[in-house]
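Just so it is clear, the values below take in all heavy atoms, side chains as well, and ignore hydrogens, waters and symmetry mates. The chains referred to below are lettered A, B, ... by the order of the sequence lines, with proteins before strands, and numbering in each begins at 1. The structure displayed is predicted, hence computed values, not measured ones.
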Amino acid sequence: MRRLARALPPALLLVAVLAGWELYVTGAGVSSLVVPSPSRIAAAIAANHADLAHHALVTIMEAFLGFALGNLVAIGCAVAFTYSGLLRAGAYPLVLALQAVPLVAIAPILVLWLGPGVPSKVLLAAFLAYTVTLVNLVRGLASAEAATLELLHTLNASRRQELVHVRFPAALPYLFTGLKLGASAAIVAAIAAEYIGALQGLGYLIHDTRARLDNEYLWAAVVVAAVIGLASFGLVVLAERWAMPWRRGLEET
Amino acid sequence: MSRVGRRIRDGAGGMRAPLAFLAAALLLWQVVTSTGLVKFYVLPAPSTVLEAMARYGPTIAEESLATLTVALAGFGLGTVAAIAVAMTLTYARLVRDAVYPLLLALRALPFIAIIPILVVIMGTGYEPRITVCALSTFLTTLVNLMRGLRSADAEVEELMHTLNATGMQRLLKVRAYAARPYLLAALRISASSCVIEATVAEWITGDSGLGYLVQISGYTFQIGLMWAAIVVASALTLGLVGIITLVERVAMPWVPRGGVGAAARQGGAA
């Protein structure tokens, strides 16, 4: 009941915005070539749903593969950085710097290397997911309580036990911060690399429909991209609630 | 040595090991590429990239200026708008309940997907590029600021209440103060995403800027120039982020490095 009460104001506002948009565009006679009305966009989605689904699936697959690959490597590296002082001193600051570099800008290089197919998009998505997860996870693994670590040392626990029973649980909230960012970034990466050179995918579709001046279809593709962006973020939030039930309600965003 | 100077130097001291690592990587890269085993279009030698930088210096400078203009204009507009809206939302409860959840959802959008729409509406000039930078800065900064304004110590708030402080006094003296680290963390994230969005927008508008330079040099197979433009774009980002980090350290030395940033990084990616 309370949930419903909280969802009501934004839902009403959303409906009001859409209605205002519809009325303004039809009333003022704004051309579909500039801004199509919500109903025309919905019609374009319905008319092209098979095509949209195909391109959306390609983008989702690229983003997901990159996300999985980047995170796996990041988890391995984070453990290595936690246990090797040399690696941490030499390589970790570079990873921090890498995080600030506009990695999306290297998309043209990746497309040049790997061609317009799927691999260049997967690799870019992996790069982006890798940096955010690594940075957050290293911080998380270091956040384990010193007293607990000392206790484990006294009990002659192995490094594996220390990692599994103390460091990873402590790192979970940090990991999910990274995963949330990585999920959005992986979608951005896939679409950005598709702008540069691709034969399918939402980025390709957005680029192509703009070139063909098919504005209603362009908006339809952008709406689908937005929904995918929101859904990927939402999925990670759900996973977070499932993995850390004790934190439910602590974070409102 | 002044306190400020020492803080800056402390930051630089930790960079010695990574700089050595970077130098080793560059050397290895140069050696591998000069053996001829790797084709220049796959990986140009660092010297080739430097050569292109020297040769096309004026062009690169001109396009960098265009990118920087877009990124900074969007960054400035977005930040100012975020501060104004955050202050309003703190006091207008009903508006906040309706607007804020939608703004939170908008933040998860892939902004680069809307660039083509902005180009259709606004043309290929600076306007769509500045708009996308401003939008992402606005949402990231707003969400962080809202969190920061709420992070004010409840006891201090109570004290202000006891002292009969006005709403404005509470906002400026307590809440705005508590929000500062959150604001700076958001600015750091926004600075780097603005350069990314400006660059991607330039691929699409194809009018000016480093993104445009990357694209045309790729098409014309001037690989050295393409890498040079990407390196310069990265340097710009690092420079902007560096400036904000410096402000952060000098203005708020008590904030642990990356401390609030950990929370603030939830603010969103590009």
Worksheet item: Can you name the nearest heavy-atom pair linking Val188(A) to Ile112(B), along with the distance?
Response: O-CD1, 3.3 Å
Fill in: Pick from Ile109(A), Val35(A), Val17(A) with the largest number of heavy-atom pairs that fall under 4.5 Å of chain B
Ile109(A)
Response to the item:
Looking only at Leu210(B), Val99(B), Ile204(B), Ile114(B), most heavy-atom pairs under 4.5 Å shared with chain A are made by Ile204(B)
Worksheet item: Given the options Ile230(B), Thr199(B), Leu236(B), Leu106(B), which has more heavy-atom pairs under 4.5 Å with chain A than any of the others?
Response: Ile230(B)
Discussion item. Counting only heavy atoms not in Arg40(A) (residues, nucleotides, ligands), do more than 12 fall under 6.0 Å from its CZ?
Written reply: no
Worksheet item: Of all the residues in residues 203-211 of chain A, which have a heavy atom that comes within less than 4.5 Å of a heavy atom in chain B?
Response: Ile206(A), Arg210(A)
Worksheet item: Which atoms of Val200(B) come close to chain A, meaning under 4.5 Å heavy atom to heavy atom: side chain ones, backbone ones, both, or neither?
Response: side chain
Worksheet entry | Contact summary for Leu230(A) and Ala108(B), nearest pair of heavy atoms | CD2-CB, 3.6 Å
Item to complete: Would you indicate whether the side-chain heavy atoms of Val104(A) and Trp203(B) approach each other to under 4.5 Å?
Response: yes
Item to complete: Write down the atom of Pro110(B), the atom of Gly229(A), and the distance for their closest heavy-atom approach.
Response: CD-CA, 4.0 Å
Worksheet item: Could you give all pairs that pass the salt bridge (Lys or Arg N to Asp or Glu O under 4.0 Å) test and reach residues 203-216 of chain B, with sequence neighbours left out?
Response: Arg129(B)-Asp207(B)
Worksheet item: How far apart are the closest heavy atoms of Ala226(A) and Leu109(B), and which atoms are they?
Response: CB-CD2, 3.5 Å
Practice prompt. Applying side-chain hydrogen bond (donor to acceptor under 3.5 Å, both in side chains), name anything that partners Thr220(B), two or more places apart in sequence or on another chain.
Written response: Gln222(B)
Worksheet entry | Residue Phe127(A) excluded, over 12 heavy atoms near CZ under 6.0 Å | no
Item to complete: State whether the number of non-hydrogen atoms from other residues, nucleotides or ligands found under 6.0 Å of Leu238(A) atom CG is greater than 12.
Response: yes
Fill in: Residue pairs fulfilling ring-ring contact (aromatic ring centres under 6.0 Å, His included) with at least one residue in residues 217-237 of chain B, sequence neighbours excluded
Trp29(B)-Trp227(B), Tyr41(B)-Phe221(B)
Practice prompt. Pick whichever of Leu218(A), Leu8(A), Ile187(A) has the most heavy-atom pairs under 4.5 Å with chain B.
Written response: Leu218(A)
Discussion item. Heavy-atom pairs under 4.5 Å with chain A - which of Asp97(B), Ile117(B), Ile121(B) has more of them than the others?
Written reply: Ile117(B)
Discussion item. Side chains of Pro116(B) and Tyr195(A), heavy atoms from C-beta outward: is any pair under 4.5 Å?
Written reply: yes
Worksheet item: How far apart are the C-alpha atoms of Val120(B) and Val34(A), what are their side-chain angles, what is the distance that settles it, and do they pass the side-chain contact (heavy atoms from CB on, under 4.5 Å) test?
Response: CA-CA 7 Å; Val120(B) 169; Val34(A) 183; 5.7 Å; no
Discussion item. Heavy-atom pairs under 4.5 Å with chain B: which of Leu33(A), Leu128(A), Ile196(A) has the most?
Written reply: Ile196(A)
Practice prompt. Locate the shortest heavy-atom distance separating Ala98(B) from Leu13(A); write the atom from each residue and the value.
Written response: O-CD2, 3.7 Å
Worksheet item: Side chain, backbone, both or neither: which part of Ile223(B) has a non-hydrogen atom closer than 4.5 Å to chain A?
Response: side chain
